[in-house]
Amino acid sequence: MGRLLRWYPPSWRARYGEEFGQLLLADIAERPRSWRRAADVAANGLLARCTSAGLTSHELPPLEQVRCGVATLCCALAAFVTFGVAMLAQLAMGWQWATPRSAPAVAASVAMSIAGACLVLIALSGAVPVAWHAAVTAVRRRDGRLMRSAGLMLVSGTVLIIGTRHFQNGWPGTGGTGALHGLVPAGIAAFGWASTLSVSSFWVHPALLGTLPAAELAWMVLSPFAVLGLLAGFAGIVRRLTLPHWLLTYLSRLAMAAVVAAVPFLAGAASWVLATAPGQPGLFRPGLINGAELATMALALVVALRAAIGVRHARSAITEML
Amino acid sequence: MPGRGSRSAEAGAFVSFGRYAGPATLILSSLADGPKHGYALTKDIEQFADVRLAPGTLYEALSRLEGQGLIEALASDDRRRPYQLTAAGAQALRVHLADQRRVAEVGLRRLSRSWGPA
């Protein structure tokens, strides 16, 4: 029974867990084995998880909806940026050594660079006030759960930055002679490359994986956990903090701006992956991994958009109440 | 007698339920004669509607009904918490069932006219 209950989010279990457990026990006593019951609990548990992330039409109380929606939005956009940076890093590396002979690759590089810079600026504009508010609240309230989320975020961020700084020294773009090798500054391109080393087609080619140095391989395994830790910490802070109304409004507006900025980024990426003519030099030739990156980015953007719509509805409800 | 506008608002309580509108109607109908906990609801619905609501579906519908203020949980010493209909829930159920009856009557009348009496 415990296994079935784990499909549901903690907040749902805290409210309904005990009584739902009693109903499950009675049902199991009548029908000891039932795949339909297991499927029903799994489907509804996942739905409850989507609801608690602000992703369903069945909305939470408005303030909770804004809080959960903003957290989900940030996580979806972070996933978008992670895969987008991996793709942009590949193009930036290509520019170090050659100039693409295809208009979509040029347009994609320019659109993704500008939109990517906007996304980073928007992320920083949101992260700074949240971090400040979280630090002040954690110190004043001595909230253990908040401190754990902040600690997770801090440790994950530190691991990510130190690891990336270390591995960016091995960036293959160093010393490039391409005509436009300054499109993305080399330091930033190298940082993007090293932080997203795990987004690689090497995973489906074990023979190639075996040729990598052990430390690089370890970083490819560890870095996604650092990114996840960073996101989980941030989401935990946003969901546990009682953010003032103005800050929630500011964050939700920033998030909408990020969704808007993500569209040209995705359009640029799609034009490169889907419309590039064959015969491009090395890194400008899109591969299967780029298709997977594009699909993931599109999915993340859909999730972000759904969360943004939920946040907008909830904000309207709060404004009406005020 | 409520006006047209309030009828729409009450019937609209079910709109956001999507595929849970059916289970929600069964639950409200079951609670119409008094409070019940999850298992009692399942058995009662099985008896009067010949439908066995699976536990996950039952609780998703219960949480939506509670979120809309159509039912409320009662305090209990037992682990099985009973639920009861609220005034808003009773009114929403009345309007919803009246709408369903109107549709059923029209359908039966037309069937009988075109296909003969059952």
Side-chain angles (χ1 to χ4, degrees), chain A residues 1-52 54-65 68 309-310 313-314 317, chain B residues 9 12-27 30-31 35-47 50-84 88-89 92:
Chain A
M1 188 191 75
R3 255 194 332 214
L4 286 174
L5 272 174
R6 275 199 289 275
W7 285 101
Y8 288 87
S11 56
W12 194 97
R13 290 201 300 262
R15 167 63 187 85
Y16 296 105
E18 205 170 31
E19 50 185 294
F20 185 58
Q22 291 301 306
L23 177 61
L24 279 178
L25 282 177
D27 200 66
I28 289 168
E30 281 185 18
R31 296 177 299 165
R33 288 184 182 277
S34 164
W35 65 267
R36 288 182 68 178
R37 177 182 54 235
D40 173 72
V41 169
N44 284 288
L46 290 176
L47 184 66
R49 282 189 182 273
C50 288
T51 301
S52 79
L55 289 175
T56 60
S57 56
H58 169 219
E59 291 177 3
L60 303 165
L63 197 57
E64 188 65 11
Q65 177 79 21
C68 296
I309 291 168
H313 285 165
Chain B
F14 284 81
V15 171
S16 63
F17 280 69
R19 68 186 179 90
Y20 292 93
T25 308
L26 293 172
I27 291 169
S30 175
L31 293 179
K36 290 180 190 71
H37 53 67
Y39 184 66
L41 275 168
T42 309
K43 297 312 278 182
D44 185 44
I45 289 169
E46 195 172 6
Q47 197 184 1
D50 202 19
V51 172
R52 187 178 175 104
L53 286 184
T57 303
L58 177 76
Y59 264 83
E60 179 60 29
L62 278 177
S63 85
R64 288 177 185 226
L65 286 166
E66 194 183 18
Q68 295 262 351
L70 303 181
I71 61 169
E72 61 192 0
L74 297 174
S76 166
D77 296 334
D78 195 353
R79 286 178 159 188
R80 301 178 300 179
R81 195 196 304 250
Y83 290 86
Q84 74 174 6

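The chains referred to below are lettered A, B, ... by the order of the sequence lines, with proteins before strands, and numbering in each begins at 1.
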Any donor-acceptor pair under 3.5 Å linking the side chain of A:Asn44 with the backbone of B:Glu60?
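Answer holds: no.
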
Please indicate whether [X] has more than 12 foreign heavy atoms, meaning atoms of other residues, nucleotides or ligands, lying under 6.0 Å from its [atom1].
X: B:Asp50; atom1: CG; value: no
X: A:Trp7; atom1: CH2; value: no
X: A:Arg3; atom1: CZ; value: no

For B:Ser76, is it the side chain, the backbone, both, or neither that has a heavy atom closer than 4.5 Å to a heavy atom of chain A?
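Looking at B:Ser76, nothing touches chain A.
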
Under 4.5 Å heavy-atom distance to chain A, tell me which part of B:Leu58 shows up: side chain, backbone, both or neither.
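For B:Leu58, the contact with chain A is made by the side chain alone.
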
On a heavy-atom basis, which atom in [X] and which in [Y] lie closest, and how many Å separate them?
X: B:Pro55; Y: A:Phe20; answer: O-CE1, 3.3 Å
X: B:Gly56; Y: A:Tyr8; answer: CA-OH, 3.6 Å
X: B:Tyr39; Y: A:Ala26; answer: CD1-CB, 3.5 Å

Check whether the side chains of A:Glu19 and B:Tyr83 place a donor and an acceptor atom closer than 3.5 Å, and report yes or no.
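Short answer, yes.
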
How far apart are the C-alpha atoms of A:Leu24 and B:Tyr59, what are their side-chain angles, what is the distance that settles it, and do they pass the side chain to side chain contact (heavy atoms under 4.5 Å, CB included) test?
CA-CA 11 Å; A:Leu24 279 178; B:Tyr59 264 83; over 6 Å; no

Is chain B contacted by the side chain of A:Arg15, its backbone, both, or neither, given a heavy-atom distance below 4.5 Å?
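Both backbone and side chain.
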
Under 4.5 Å from any heavy atom of chain B - which part of A:Leu47
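A:Leu47 touches chain B through side-chain heavy atoms alone.
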
Determine the option with the most heavy-atom pairs under 4.5 angstrom with chain B, choosing from A:Arg36, A:Arg37, A:Gln22.
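Going by pairs under 4.5 Å, I would pick A:Gln22.
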
Would you check if B:Arg52 and A:Asp27 make a side-chain contact, meaning some heavy-atom pair closer than 4.5 Å?
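Yes - at least one pair of side-chain heavy atoms lies under 4.5 Å apart.
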
Name all residues meeting the side chain to side chain contact (heavy atoms under 4.5 Å, CB included) criterion together with B:Pro23; count only those two or more places apart in sequence or in a different chain, and write none if there are none.
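Partners of B:Pro23 under the side chain to side chain contact (heavy atoms under 4.5 Å, CB included) test: B:Leu53, B:Thr57, B:Ala61.
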
Atom pair CD (A:Glu18) and CZ (B:Arg80), whose distance is rounded to the nearest 0.5 Å:
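Reported value, rounded in 0.5 Å steps: 12.0 Å.
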
